[in-house]
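Order of the sequence lines sets the chain letters (A, B, ...), proteins ahead of strands, with each chain counted from 1.
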Number of protein chains: 2
Amino acid sequence: MKTLRVPEATITRLSVYSRFLERLDQKGIVTISSGEIAEGVGVSPAQVRKDLAYFGEFGTRGVGYNVKDLLHYTLKILGLDRPWPLVLVGAGNLGFALCTHKGFNDRGFSIIGVFDNDLTKIGKKIVDLEVYPLEKMSEIIDAHQVRIGIIAVPPRAAQETADLMVKNGLKAILNFAPVALNLPEGIEIRNVDLTVKLEILTFNLGLRESL
Amino acid sequence: MKTLRVPEATITRLSVYSRFLERLDQKGIVTISSGEIAEGVGVSPAQVRKDLAYFGEFGTRGVGYNVKDLLHYTLKILGLDRPWPLVLVGAGNLGFALCTHKGFNDRGFSIIGVFDNDLTKIGKKIVDLEVYPLEKMSEIIDAHQVRIGIIAVPPRAAQETADLMVKNGLKAILNFAPVALNLPEGIEIRNVDLTVKLEILTFNLGLRESL
DNA sequence: TTCTGGTAGTTATTTTATTCACAAGTTTAT
DNA sequence: ATAAACTTGTGAATAAAATAACTACCAGAA
C-alpha cells in the first residue's frame, strides 16, 4: 500500500462518512457529491475529497460518488468488511449499556463475552450473555479469536484489566476509564472519555461570560 | 482575557491534566513537574507547559507546580469552580448509565432531570430521579437554570430533541447520537461517538495485516 | 556567595492538517 | 457537435499544532 501516514482525523471522519452513507443507502439514494456529504456531516467538501483521496479514486468527475460503492469502500478501509467479536470487562451500568448498544451491532461488532470480578455480578445475565469471572476470559478469547477488548471498569481497576487483556492475547483496547493506560508496544489503545467533551462545553460557556 | 484561540486539543488535555492532578492531590503529593504530568497522562513535557502557558504562569522555575494550586487553576479555567446542573433526554440503557456515572458527579456535574417520550418509561425511577415527559423539560430548566443538555436518544430522534432543547433555552448540548445536528449559531455542541474509536482500532489492526 | 542541577516559560522550527484553486473528466441541452 | 454546468482529484498555499531549543529563574550545596 502507498497508504501510510493517514491522519487519525481522517479515519474518524471516514467512520462518520460511512455511517452517513448507510443512511443514504437505506433511503435509496444512488449518487451523492462531496458537497452533499460535507453538508450532511458538517465538514468542507474539500475535506471529504481529500480524506477519500488517501485511499484511491472512488468518484466520477462531473457526477459524484455511487453511494453503495463508496459505502463498501469505506467499510473495507475501516476493516468492517468482516465481523468483529469483542470482549468487555466491567458489568456495571456502562458495561450494560455498551452490551445493548445498537450502534455496535450495526457496524459488525458483537460483544461475545462479559467479565467482572464482582461475585454479585458473576452468573447474572446481560440480555443473552452470562457475566463470567475474569479467569474465563482467556478461554473465550481463544475460542472466538477475539482481538479487541473494551474496558468499562472503575479507574482504579483499569490498568490491571488492560494487563490481563494483553496477557490473554488481545491486540487492541477501547478504554472507557479516565486514566492513561501503560501498555506494551504493538497494542492499539484508544480512550473514550465521557467527561472531556462536557468540560469543553463548560469551558466555552465560561469563555462566553468573560467577553 | 488575552486568551482567545486556544486549540480544542489543549482544552481536552487540560481536562485530563486536571483529573490527574486530583488523583495526585488525593495521594497527598504537593509538588509536580511538567515531566511527571506528561508521564502520567501520556503526552510530552513541552506540551504540558505549552498548554498551561495559554492561561498564565502557574509554576516555579527550577521547582515545578504546586499540585493543589494547579488543580484549582485548571478547574477554574474549565469552568468547574461551580456546580453544573444537567438535563438528559433518553432514558434507555445509555441514559441510565450516564445518570449513574460517577465521573460526572466527581467533576461537579449533576443530572437533575431525565426526560423521555416513551410512555412505558415515564414515571419510572432512575435512582432518585423520576423520568418525566418531554413537556416538563422547560419547567425544570427554568427552575434550576440549566444550560447544558445531554442527548441519549436513538439517531432518528436526535435532531428534534436538540431543537426542543434549544427552544427551552439550553446553550450547550452533549450529543451521544451518531448524527450531525443542525443548530443555530451560538449553541455549543459536541458529539461523543461510541463507535468511532472502535473503528480506528479496526482500521489499525487492518493496516497491520497488510504490511 | 557562588556554583550546580533542575525546571518553567517562551521563541523558533518543524511537522501536520486544512483549505484553496484549477485542470480533467462527465453529462445534459441545444 | 458544441457548449454549459457540474464535480472529482490534486498540487500549492495556508493555517494550525506539536516539538525542540533556549533563556530565565529557583534551591540547595560547597
Asks: Please list, for nucleotides 15-18 of chain D, all pairs of protein and nucleotide N/O atoms separated by less than 3.5 Å.
Replies:
unit_1 : atom_1 : unit_2 : atom_2 : d
D:dA18 : OP1    : B:R13  : NH1    : 3.2
D:dA18 : OP2    : B:R13  : NH2    : 3.1

Asks: Going by atom types alone, do B:R107 and B:S15 pair a side-chain donor with an acceptor below 3.5 Å?
Replies: no

Asks: Between atom CZ in A:F55 and atom C1' in D:dT8, what is the gap in whole Å?
Replies: 17 Å

Asks: Before you tell me yes or no, could you show the steps for A:D142 and A:N168 under side-chain contact (heavy atoms from CB on, under 4.5 Å), namely the whole-Å CA-CA distance, both residues' side-chain angles and the distance that decides it to 0.1 Å?
Replies: CA-CA 8 Å; A:D142 291 346; A:N168 287 339; over 6 Å; no

Asks: Begin with the C-alpha distance, continue with both residues' side-chain angles, and end with the deciding distance and a verdict on side-chain contact (heavy atoms from CB on, under 4.5 Å) for A:W84 and B:L198.
Replies: CA-CA 10 Å; A:W84 286 91; B:L198 204 40; over 6 Å; no

Asks: Under 3.5 Å between N/O atoms: give me all the protein pairs with nucleotides 25-27 of chain D, atom names plus distance.
Replies:
unit_1 : atom_1 : unit_2 : atom_2 : d
D:dC26 : O4'    : B:R61  : O      : 2.9

Asks: Could you tell me how far apart A:L70 (CG) and D:dG9 (C1') are, to the nearest whole angstrom?
Replies: 14 Å

Asks: Mind listing the closest non-hydrogen atom pair of A:G92 and A:D116 along with its distance?
Replies: N-OD2, 4.3 Å

Asks: Below 4.0 angstrom from OP1 or OP2 of D:dC6, is there any side-chain N or O of A:Y65?
Replies: no

Asks: Looking only at heavy atoms, which two atoms of B:V153 and B:V89 are closest? And how far apart?
Replies: CG1-O, 3.4 Å

Asks: Before accepting this row, confirm whether a basic side-chain N of the pair A:K171/B:E209 lies closer than 4.0 Å to the acidic partner's carboxylate O.
Replies: no

Asks: Please report the C-alpha distance between A:I77 and A:F58 in whole Å, then the side-chain angles of each, then the deciding distance to 0.1 Å, and finally whether the side-chain contact (heavy atoms from CB on, under 4.5 Å) criterion is met.
Replies: CA-CA 12 Å; A:I77 292 165; A:F58 307 113; 4.2 Å; yes

Asks: Return the minimal non-hydrogen interatomic distance between B:P178 and B:P155, and the atom names on each side.
Replies: CD-CG, 3.8 Å

Asks: What heavy-atom pair brings B:L183 and B:A162 nearest, and what distance separates the two atoms?
Replies: CD2-CB, 3.8 Å

Asks: Could you report the tightest heavy-atom contact between A:E22 and A:D106, atom names first, then the distance?
Replies: OE2-O, 4.2 Å

Asks: With a 4.0 angstrom cut-off to heavy atoms of chain A, pull out the first and last contacting nucleotide of DNA chain C, in 5'-to-3' order.
Replies: C:dA17 to C:dT27

